[in-house]
Amino acid sequence: MGGFCLWRRWSRVVIKKGGEQDIEKVRHSAAHVMAEAVQSLFPGTKFGIGPAIEDGFYYDFELPRALTAEDLPLIETRMAEIVASGVPFVREEMSRGEARALFAAQPYKLELIDEIPEDKLSVYRQGAFVDLCRGPHVANTRDIKAFKLINIAGAYWRGDEHRPMLQRIYGVAFHTEKEIEEHLARLEEAKRRDHRKLGKELDIFTFDDDVGPGLPLWLPNGAAMIEEIEKLAVETEFRHGYVRVRTPHLAKEDLFRRSGHLPYYEESMYPPMELEGVRYYVKPMNCPMHHRIFGSRPRSYRDLPLRLAEYGTCYRYEKSGELFGLMRVRSMQMNDSHIYCMEKQFEEEFAGVIFLYLEYFKLFDIKEFAMRLSTHAPGGLGKKYVNNPELWLKTEEMVRKALDHNHIPYYEVADEAAFYGPKIDVQIKSVIGREFTLATNQVDFAQAERCGLTFVNEEGKEERPLIIHRAPLGTHERLIGFLLEHYGGAFPVWLAPLQVAVIPIADRHLDYARSLATQLKSDGIRVKLDARSESVNYKIRQAQLEKAPYMLVVGDREVAASTISVRLRTGEQLPSQPFESFREMLRTIIATRSGDLR
RNA sequence: GCCCACAUAGCUCAGUCGGUAGAGCACAUUCUUGGUAAGAAUGGGGUCAUCGGUUCGAAUCCGAUUGUGGGCUCCA
């Protein structure tokens with residue numbers, strides 16, 4: 001598993017290793033300087049918190065008016081003055097009472113002061129500005145060499161949506177101006193790779209106001225990709241012993257009540273519709289339906305493990321502000337499966353799923369991801385989580401064992417589990433830097449009981465199956481969103497919406513070009529014949545922009561010799577060759593889902 | 001859902017102090033038949049997101065709604 005990296009902690013680790021532990025101090029100090037600047041420009045400002053973060057810092061303020069983009073340069077200028085004045089950062093220690101007196105006009109600081117367990121509190125002073133802070137800081141404001149304020153955003157105090165919304169200013173800070181420029185250039189590059197931009201340029205998907213937010217429409221190019229991905233899933237899951245099922249998009253209220261979705265998941269569900277006195281819900285997950293398939297006849301331990309798979313379409317009512325391109329939508333098609341097994345089969349099944357993930361990630365050349373074990377929090381029992389503390393602890397331990405025995409690295413986060421059990425989420429980052437769960441592998445000890453699922457064991461007694469929910473390819477929406485960014489739109493041949501562009505040089509080459517296109521089409525290749533009376537340059541440019549892996553340019557020479565000239569998407573030119581040899585190569589590359597072009 | 005910003009042709013964007021809309025690309029037609037990232041001309045295309053208000057007059061000012069974006073919260 002080379003290339004595996006837990007980038008959650010990555011930046012910190014790298015910094016420490018590289019002997020650059022100072023940069024965090026610089027960023028944190030920059031936050032203090034920004035706070036001082038804001039205080040001097042907006043007297044009466046109430047301060048929240050201002051930590052260092054990846055690439056920079058932020059500080060939360062309660063201000064008399066809303067900030068605008070025009071305020072940032074003013075704040076920056078003030079900061080530059082403070083930096084240039086070369087004021088030292090001075091640490092002072094004091095008692096809780098002294099701190100309370102010092103921050104008497106700062107309600108947010110008072111709240112923090114009261115929650116600090118130690119009796120000795122520390123504050124840092126630079127010039128006229130003093131802030132409650134653990135430190136450490138740089139010695140002098142002059143040590144802050146390069147910073148820039150980036151944007152303004154709203155943020156709830158202490159991340160709690162029931163508490164006041166403060167105004168947050170984000171900044172970046174590095175040791176040198178050059179690093180800032182490089183960082184901004186990286187952001188620009190990220191914008192070019194943004195799946196929303198590429199998805200539009202490559203005609204993959206669109207959103208329509210009349211259809212609704214978060215409800216993507218797949219254009220022909222996107223639909224072609226979806227079909228390839230489903231083909232991949234069907235073949236792979238068949239090899240791994242899954243059987244396929246199909247289920248409706250709706251079910252009666254009672255099903256979701258028994259499964260636990262209505263008590264624990266209702267706020268993410270579309271409201272019910274009522275017909276002939278019966279309430280129906282659109283499904284937010286496929287599991288209840290699959291559980292009914294499991295329960296559709298008596299099951300023996302000999303039937304287990306039973307692996308039911310379906311690319312099921314689900315609908316979740318995500319809050320409007322949470323929608324994000326294809327990465328966060330309201331209708332989604334999931335690479336779903338539920339594995340019903342005995343407890344003694346659990347470890348093997350669970351590990352099998354993890355290895356299935358790794359198989360897929362290798363295929364897609366996905367190297368930057370992290371496996372996150374999400375566990376429950378005792379405080380959420382009966383609210384967010386099914387109330388069965390023993391089973392939570394037991395299944396969490398089972399998952400840890402399954403991971404450890406297979407030497408699979410992971411990190412653990414409490415209070416992130418599904419309502420029915422712990423899970424392993426595979427975390428990836430969008431090119432914008434936002435983190436998403438791409439795939440998931442969840443244990444479910446609750447629904448079998450809630451839904452009354454049993455099997456007859458070796459002793460002829462009824463027993464509850466354990467259930468594993470898994471979606472290694474996540475949803476089409478998020479996977480394709482991710483792959484767009486991951487490949488920058490230049491997909492491997494098998495996945496590329498347009499695989500071959502046939503480009504005749506002049507009209508007299510059209511017949512030959514057409515016969516090539518027809519033959520490729522009969523091989524199932526997605527081919528486009530560009531028959532327009534445009535220049536060769538123009539047609540090649542078009543094919544390049546569409547990121548066609550292959551361009552077949554045919555003119556007098558090719559017609560005369562019955563050959564083709566192949567230009568790769570990389571700009572590379574293959575030697576002139578008989579059409580049949582290209583056709584053969586293409587067949588192999590697609591059949592093996594190779595990432596290479598030749 | 002919350003804070004802030006934005007919404008002009010299919011796409012990317014101009015549009016000054018309010019005086020009934022422009023460019024490039026794309027598309028269509030014609031000319032051109034050109035050998036590896038844009039040949040030329042002509043043409044069609046916009047209720048300036050929607051609704052309301054201010055004004056003699058609104059793309060422009062104000063309000064609401066819808067949608068999008070940056071965050072927060074939440075998540076596949």
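Below, all heavy atoms of this structure are taken into account, side chains as well, without hydrogens, waters or symmetry copies. Being a predicted model, the structure only gives us computed values, none of them experimental. Naming: A, B, ... by sequence-line order, numbering from 1 per chain.
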Mind checking whether W392(A) and H376(A) have parallel, tilted or perpendicular rings, split at 30° and 60°? parallel
Can you tell me the pairing partner of G44(B) across any strand shown, Watson-Crick or G-U wobble, with both distances under 3.5 angstrom? none
Does the side chain of K200(A) get closer than 4.0 angstrom to OP1 or OP2 of U12(B) through an N or O atom? yes
Do E267(A) and Y317(A) have a side chain donor and acceptor closer than 3.5 Å? no
Separation of the P atoms in U16(B) and U20(B), to the nearest angstrom: 12 Å
Please report, rounded to the nearest Å, how far the P atom of C72(B) is from the CD atom of Q167(A). 15 Å
Checking N286(A) against D336(A): is there a side-chain donor and acceptor pair closer than 3.5 Å? yes
Parallel, tilted or perpendicular: which one describes the rings of Y311(A) and H476(A), with boundaries at 30° and 60°? parallel
Within 45° cone of Y59(A) ring axis and under 6.0 Å: R168(A) NZ or CZ: no
For R316(A) and C74(B), what is the distance between atoms CZ and P respectively, to the nearest whole Å? 16 Å
For a quick check, with a 4.0 angstrom heavy-atom cut-off, what is the B/S/- contact string for nucleotides 24-32 of chain B, read 5' to 3'? --SS----B
For R193(A), does the CZ atom sit with more than 12 other heavy atoms under 6.0 Å from it, leaving out its own atoms? yes
Pick the P atom in A28(B) and in U55(B), then give their distance to the nearest Å. 48 Å
L215(A) CG to U66(B) C1': how many Å, rounded? 14 Å
Taking OP1 and OP2 of G39(B), is either one under 4.0 Å from a side-chain nitrogen or oxygen of R541(A)? no
Do the side-chain N or O atoms of Y170(A) get closer than 4.0 angstrom to the phosphate oxygens (OP1, OP2) of C72(B)? yes
Checking contacts here: which listed nucleotide (C72(B), G35(B), G70(B)) is nearest the side-chain heavy atoms of A153(A)? G70(B)
Across all strands, who's sitting opposite U55(B) as a Watson-Crick or G-U wobble pair, both distances under 3.5 Å? none
Could you tell me which nucleotide pairs with A14(B) by Watson-Crick or G-U wobble geometry, both distances under 3.5 Å, or answer none if nothing does? none
Just checking, any donor-acceptor pair under 3.5 angstrom between side chains of D415(A) and Y385(A)? yes
Looking at U33(B), does its base get a donor-acceptor pair with the side chain of S535(A) below 3.5 Å? no
Classify the nucleic acid contact of S565(A) as base, sugar-phosphate or nothing, counting any heavy atom under 4.0 Å across all strands shown. base
Of I152(A) and R567(A), whose nearest nucleotide on RNA chain B comes first from the 5' end? R567(A)
Distance-only polar pair, side chains of K283(A) and T313(A), donor-acceptor under 3.5 Å: no
State which of A76(B), C2(B), G34(B) makes the closest approach to the side chain of M165(A). C2(B)
Do the charged groups of D507(A) and R532(A) touch, with an N to O distance under 4.0 Å? no
Whom does A26(B) pair with, Watson-Crick or G-U wobble, provided both distances fall under 3.5 Å? none
Please report the distance separating the P of A9(B) from the corresponding atom of C13(B), rounded so that it comes out in whole Å. 11 Å
For A76(B), does either OP1 or OP2 sit under 4.0 Å from a side-chain N or O belonging to K423(A)? yes
Partner of C6(B) under the Watson-Crick or G-U wobble criteria, both distances under 3.5 Å, comes out as G67(B)
Given atom CZ of R163(A) and atom P of C2(B), what is their separation to the nearest angstrom? 19 Å
When the P atoms of G39(B) and A26(B) are compared, how many Å lie between them, rounded to an integer? 9 Å
For a quick check of understanding: with a heavy-atom distance under 4.0 Å over all strands, which category does A155(A) fall into, base, sugar-phosphate or nothing? sugar-phosphate
Is R330(A) salt-bridged to E477(A), going by a charged N under 4.0 Å from an acidic O? no
Output, in order, the C-alpha distance, side-chain angles, deciding distance and verdict of ring-ring contact (aromatic ring centres under 6.0 Å, His included) for F47(A) and F61(A). CA-CA 5 Å; F47(A) 295 93; F61(A) 309 103; 5.7 Å; yes
Mind telling me whether H338(A) and H290(A) have parallel, tilted or perpendicular rings, with 30° and 60° as the class edges? perpendicular
The side chain of Q442(A) is closest to which nucleotide in this list: A76(B), G70(B), G39(B)? A76(B)
Going by modelled atom types, is there a donor-acceptor pair between the base of G35(B) and the side chain of E558(A) at under 3.5 Å? yes
Would you mind reading off the distance between L166(A) atom CG and C2(B) atom C1', rounded to a whole angstrom? 12 Å
Candidate nucleotides G70(B), G35(B), C72(B), ranked by approach to the side chain of R557(A) - the nearest: G35(B)
Take atom C1' in A37(B) and the same atom in A7(B), then report the distance between them in whole Å. 33 Å
Using a heavy-atom cut-off of 4.0 Å across all strands, would you classify D556(A) as base, sugar-phosphate, or nothing? base
Between G1(B) and Y156(A), counting only base atoms on the nucleotide and side-chain atoms on the residue, is there a donor-acceptor pair under 3.5 Å? yes
Checking all strands, does G555(A) fall into the base, sugar-phosphate, or nothing category for heavy-atom contacts under 4.0 angstrom? base
Paired nucleotide for G34(B) [Watson-Crick or G-U wobble; both distances under 3.5 Å]: none
Using only side-chain N and O atoms of R328(A), determine if any of them is under 4.0 Å from OP1 or OP2 of A76(B). no
Assign each of T437(A) and G321(A) to its nearest nucleotide of RNA chain B by heavy atoms, then name whichever residue's nucleotide is nearer the 5' end. G321(A)
Using atom NE2 of H261(A) as one end and atom C1' of A76(B) as the other, report the distance to the nearest whole Å. 13 Å
Assess the residue pair F147(A) and F57(A) against the criterion (ring-ring contact (aromatic ring centres under 6.0 Å, His included)); give the C-alpha distance rounded to whole Å, side-chain angles, the decisive distance to 0.1 Å, and a yes or no. CA-CA 10 Å; F147(A) 68 90; F57(A) 58 93; 7.2 Å; no
Shortest side-chain distance from D209(A), nucleotide among G35(B), G67(B), A37(B): G67(B)
Would you list the protein and nucleotides 44-47 of chain B atom pairs, both N or O, that sit under 3.5 Å from each other?
none

When rounded to whole Å, the CG to P distance for the pair D160(A) and C2(B) reads 16 Å
If I pick the C1' atom on G19(B) and the same atom on C61(B), what distance separates them, to the nearest angstrom? 15 Å
Hey, does Q573(A) reach any base, or is it just sugar-phosphate, or nothing, if we go heavy atoms under 4.0 Å? base
In terms of side-chain heavy atoms of N537(A), which of G71(B), U36(B), C75(B) is nearest? U36(B)
Between U60(B) and G15(B), how far apart are the C1' atoms? Round to whole Å, please. 9 Å
In whole angstrom, what separates L326(A)'s CG from C75(B)'s C1'? 16 Å
Run the salt-bridge test on E546(A) and K528(A) with the 4.0 Å N-O cut-off and return the result as yes or no. yes
Against the side chain of E318(A), the closest entry in A37(B), U36(B), C75(B) is C75(B)
What integer number of Å spans the C1' atoms of U30(B) and A23(B)? 23 Å
